[in-house]
2 protein chains.
Amino acid sequence: MPGKYVCTNMDGGGMARPALTRDEVLDSAADLVKRHGPAALTMRGLAAELGTAVTSIYWHVGNRESLLDALVERTVADLGEIRPVGRTPARRIASVARALRRQLRDHPHLVAMVHERGLTERMFLPAQQALVREAHAAGLRGARAAEVVRAVQFLVVGHVLVERNRERAPAQRPGEQELWGARTADGDPALARTLAWPVDPEKVFTASVKALVAGLLEAAPETARGPGPS
Amino acid sequence: MPGKYVCTNMDGGGMARPALTRDEVLDSAADLVKRHGPAALTMRGLAAELGTAVTSIYWHVGNRESLLDALVERTVADLGEIRPVGRTPARRIASVARALRRQLRDHPHLVAMVHERGLTERMFLPAQQALVREAHAAGLRGARAAEVVRAVQFLVVGHVLVERNRERAPAQRPGEQELWGARTADGDPALARTLAWPVDPEKVFTASVKALVAGLLEAAPETARGPGPS
DNA sequence: ACCTGAACACCGTTCAAGT
DNA sequence: ACCTGAACACCGTTCAAGT
């Protein structure tokens, strides 16, 4: 789906390939990356997908690295808003964390690519500002508020990275089942049973976020509860 | 440093290269990976390092993938013990988290490689058992204890992955300094100042661990405080 | 049993040449 | 302005041939 393109060839149509566009290249590349990851994006494969010579791509985007740069820039610019929901600051912070996780999960390869290109701060700025407002609403200021912002950001990004790694390698070899017989569980069969089951990363995430936020707000002044400002 | 090798060539020494050993190959490969990451481990480069033909390596290790397999297996087997320290379960759990982080940081490329090979569970088993004992000491059992184990593990692994990404891309382009002028900070100059400074990942980590553990143990029964069993 | 070079199918990238 | 094929220097891997 190249969308619209400017037709610059003068032969009045016919079977000739319509002129190649930079946007067309980016669309095709984005599609490949989204489906199979950055490693699957080869210049030759991309050319084949587009039906052009490899070297034409170089004319439009320079080289593979700047192609990836442009891709990341475009994706970051297209990320949606982050809107906190919930009745207490704690819930609203947790909702920001969940929204952030969803954004990152929708672009599974984005985080690593963004980091590699030093765009992290720009990418997270909206979420950070939402978190700042909620930290203020919870009565935290200065360094304490910054702590909340960064702890939540690291937790979310870290979780997404871990989840991505887990999904790429679904078959665990010794298998948690064999490892967590009753013997290793310090005499707690219920725990052994839970740990022998495959992890539900979503549950771990929500539980972690809840615990982290609770811990971060624990010693906060009791003023300014309820829905935040703005 | 090939260490000891069995001399199987019959020419009685001289300038001929001593027989190539599987261990020698693994040592050299481990060195390359530790210094420059798995991507820098090329069969040709490794052969050059060892002073042999590329194809000799194939005789000893099969192919690149099984070479990496063997490498990971060896590294995982060589990981040290995890010994909790501290006077309360909360502190002891935090100490396990810190020890785990240190182990992973000492082998910067290990996590991803281990995950890709499905060895995660085997690798984390010792830390998990330590965490189980401490969760029990804190009065948590069953699913609640499992929650602690998994939340801590995800937090640590996630943090290490984030840190690794950050270290690979030190130069952030818009720069946190420009982004966090007083305007964006919701009228909190102290916070703006903190966020404009480069992050200290170690501080974020210790703060996050402390908050997470506090949140996880919050509603725990007040029995069984003080140093754990074992 | 162990090592070798030649060869194959892949990469990204450059360059001179076409229209 | 835009596209092309040929060529270069890299990959991992296989194979027949050496000792």
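C:dG5 atom P lies 18 Å from atom CH2 of B:Trp59, rounded to whole Å. What separates CE of B:Met43 from P of C:dA7 is a distance of 21 Å, to the nearest Å. A:Leu67 places its CG atom 14 Å from the C1' atom of C:dT13, with the value rounded to the nearest Å. Atom CD in B:Glu65 sits about 17 Å away from atom P in D:dC11, given to the nearest Å. Separating the CG atom of B:Leu32 from the P atom of D:dC11 is a distance of 12 Å, rounded to the nearest angstrom. In this structure, B:Arg22 places its CZ atom 14 Å from P of C:dC3, rounding to the nearest Å. For A:Tyr58 and D:dA7, the OH to C1' distance is 14 Å, given to the nearest whole Å. Nucleotide C:dT13 holds its P atom 5 Å from the CG atom of A:Asn63, rounded to whole Å.
Contact annotation: the side chain of B:Glu163 approaches that of B:His159 to within less than 4.5 Å [non-hydrogen atoms, C-beta and beyond].
Considering only side-chain atoms of A:Ala53, the nucleotide from D:dG5, D:dC3, D:dG12 that sits closest is D:dG5. Side chain of A:Thr55, nearest nucleotide from D:dG5, D:dG12, C:dC11: D:dG5.
Taking a pair to require two hydrogen-bonding distances under 3.5 Å in either a Watson-Crick or a G-U wobble arrangement, D:dT13 pairs with C:dA7. Searching all strands for a Watson-Crick or G-U wobble partner of D:dG18 with both distances below 3.5 Å returns C:dC2.
Between B:Arg44 and A:His60, it is A:His60 whose nearest contact on DNA chain D lies nearer the 5' terminus.
Residue contacts for A:Leu41: at a heavy-atom cut-off of 4.0 Å it reaches the sugar-phosphate backbone alone, with no base atom in range. Counting non-hydrogen atoms under 4.0 angstrom, A:Ser56 reaches a base of the nucleic acid.
With salt bridges taken as basic N to acidic carboxylate O contacts below 4.0 Å, none links A:Arg74 and A:Asp78. Salt bridge status for A:Glu65 with A:Arg117: present, with a side-chain N to carboxylate O gap under 4.0 Å.
Atom CZ of A:Arg83 has 12 or fewer neighbouring heavy atoms from other residues, nucleotides or ligands inside a 6.0 Å radius.
Atom OG1 of B:Thr52 and atom CD1 of B:Ile57 lie 5.0 Å apart (nearest 0.5 Å).
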